[in-house]
Colleague: 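There's a structure below that I have some questions on.
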Amino acid sequence: FGHRLARAIRTRNVIWYPYGDFNPPPGEGSQRVLRSIEGIRTADPGALFAAELAPPDDLPAANPDANAVLSVNSFYGNGPDHNGAVYETAGAAWDDRTRDGAPRPAWVCEPPYEGTTVGGPGTADAVRTTQWYSVLGGGTAGQTFGTLDIYCFHPERWRESLSTPAARELAIQFAYYDSVAWHRLVPSGTGRYGVEIVTG
């Protein structure tokens, strides 16, 4: 199935997420996921893979099977023990290296949602804080973003939710990141000492 799907939508704009909210135990459960990755790579050898392992903030390194096949790091925006300290997870992601010693790109793949208490209080400032914590702590690839009416695809309100306070504020943040050589940023201190300014 994986190779047929990859062939059907082969593109450089896809990052595959074969692990979804789950950290399978070694053995048969993990092997099923690995076979799907193998099938996709048969059709698209350059395919990129990430994972959203078990909450609150597991990284691929927490699962040796996943760690061996994933291209990029991604993590929840909850912080260890749901404590909001996303910079700690971002720092751990920065410290997680590929076989050649380079840090893998990392981002928050599911931060708190605006307008609902999924993953946090649902406020624009909580979403904004997660973004700063991630990037300054080592998740220099940024984050995804969600708001309640888009998350649920509310038929009457999703369009107006494209310009919520958090959406507007994140656009400002990303414009700032785009104005600097973000791909050369190196976290100073990472999560071990709290959030510190990045250097480049």
Side-chain angles (χ1 to χ4, degrees), residues 12-26 30 33-34 37 41 46-113 118-120 126-146 166 170 173-174 176-178 180-200:
R12 298 277 71 85
N13 297 323
V14 171
I15 296 177
W16 297 87
Y17 268 76
Y19 297 85
D21 297 333
F22 182 57
N23 200 343
S30 192
V33 178
L34 294 174
I37 293 171
R41 282 209 168 118
L48 297 175
F49 291 87
E52 185 174 43
L53 297 178
D57 264 352
D58 272 2
L59 291 170
N63 184 312
D65 291 334
N67 198 40
V69 296
L70 298 180
S71 321
V72 293
N73 261 325
S74 57
F75 48 91
Y76 288 88
N78 302 322
D81 301 317
H82 295 278
N83 62 3
V86 182
Y87 50 85
E88 293 183 6
T89 311
W94 178 264
D95 290 340
D96 180 33
R97 303 292 163 150
T98 63
R99 289 186 190 95
D100 62 1
R104 290 188 238 207
W107 71 89
V108 176
C109 63
E110 191 170 1
Y113 288 84
V118 174
V127 174
R128 188 175 63 244
T129 297
T130 298
Q131 171 63 20
W132 284 114
Y133 277 2
S134 173
V135 173
L136 296 179
T140 53
Q143 76 171 55
T144 57
F145 167 69
L170 286 178
Q173 280 184 289
F174 277 97
Y176 168 72
Y177 303 141
D178 197 41
V180 299
W182 62 267
H183 57 287
R184 294 185 177 175
L185 296 177
V186 176
S188 174
T190 66
R192 290 181 292 277
Y193 311 109
V195 176
E196 298 183 18
I197 195 66
V198 289
T199 59

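All figures in this text were calculated on a predicted structure; none of them were measured in a lab.
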Colleague: Nearest 0.5 Å please: distance from the CH2 atom of Trp16 over to the OG atom of Ser71.
Modeller: 12.5 Å

Colleague: Ignoring hydrogens, what is the shortest heavy-atom contact between Glu52 and Cys109? Give both atom names and the distance.
Modeller: OE2-SG, 3.6 Å

Colleague: Which pair of non-hydrogen atoms, one from Val86 and one from Phe75, has the smallest distance, and what is that distance?
Modeller: CG1-CE1, 3.8 Å

Colleague: Can you say whether the rings of Trp132 and Tyr177 are parallel (under 30°), tilted (30 to 60°) or perpendicular (over 60°)?
Modeller: perpendicular

Colleague: Kindly compute the distance separating CG (Asn73) from CG (Asp95), expressed to the nearest 0.5 Å.
Modeller: 10.5 Å

Colleague: Closest heavy-atom contact between Pro80 and Glu88?
Modeller: CG-OE1, 3.5 Å

Colleague: Quick one: pull up CG in Asp65 and CG in Leu34 and give me the separation to the nearest 0.5 Å.
Modeller: 5.0 Å

Colleague: When rounded to the nearest 0.5 angstrom, what distance separates CD in Gln173 from CG in Asp178?
Modeller: 13.5 Å

Colleague: Might you point out which heavy atoms bring Thr89 and Gly79 nearest each other, and give the distance in Å?
Modeller: OG1-CA, 4.2 Å

Colleague: For the side chain of Asn83 and the backbone of Ala85, is there at least one donor-acceptor N/O pair under 3.5 Å apart?
Modeller: yes

Colleague: For residues Trp94 and Gly138, report the shortest heavy-atom separation together with the two atoms involved.
Modeller: CE3-O, 3.6 Å

Colleague: Do Leu48 and Val72 touch side chain to side chain, with heavy atoms closer than 4.5 Å?
Modeller: no

Colleague: Whether the side chain of Ser134 engages the backbone of Thr130 through a donor-acceptor N/O pair (distance < 3.5 Å, no angle test) should be reported.
Modeller: no

Colleague: If I compare all heavy atoms of Leu70 with all of Ala50, which pair ends up nearest, and what's the gap?
Modeller: CD2-O, 3.5 Å

Colleague: Looking at Ser74 and Val108, would you say the former's side chain and the latter's main chain have a donor-acceptor pair under 3.5 Å?
Modeller: no

Colleague: Within the structure provided, determine whether Tyr87 and Leu136 are in side-chain contact (heavy-atom separation under 4.5 Å).
Modeller: no

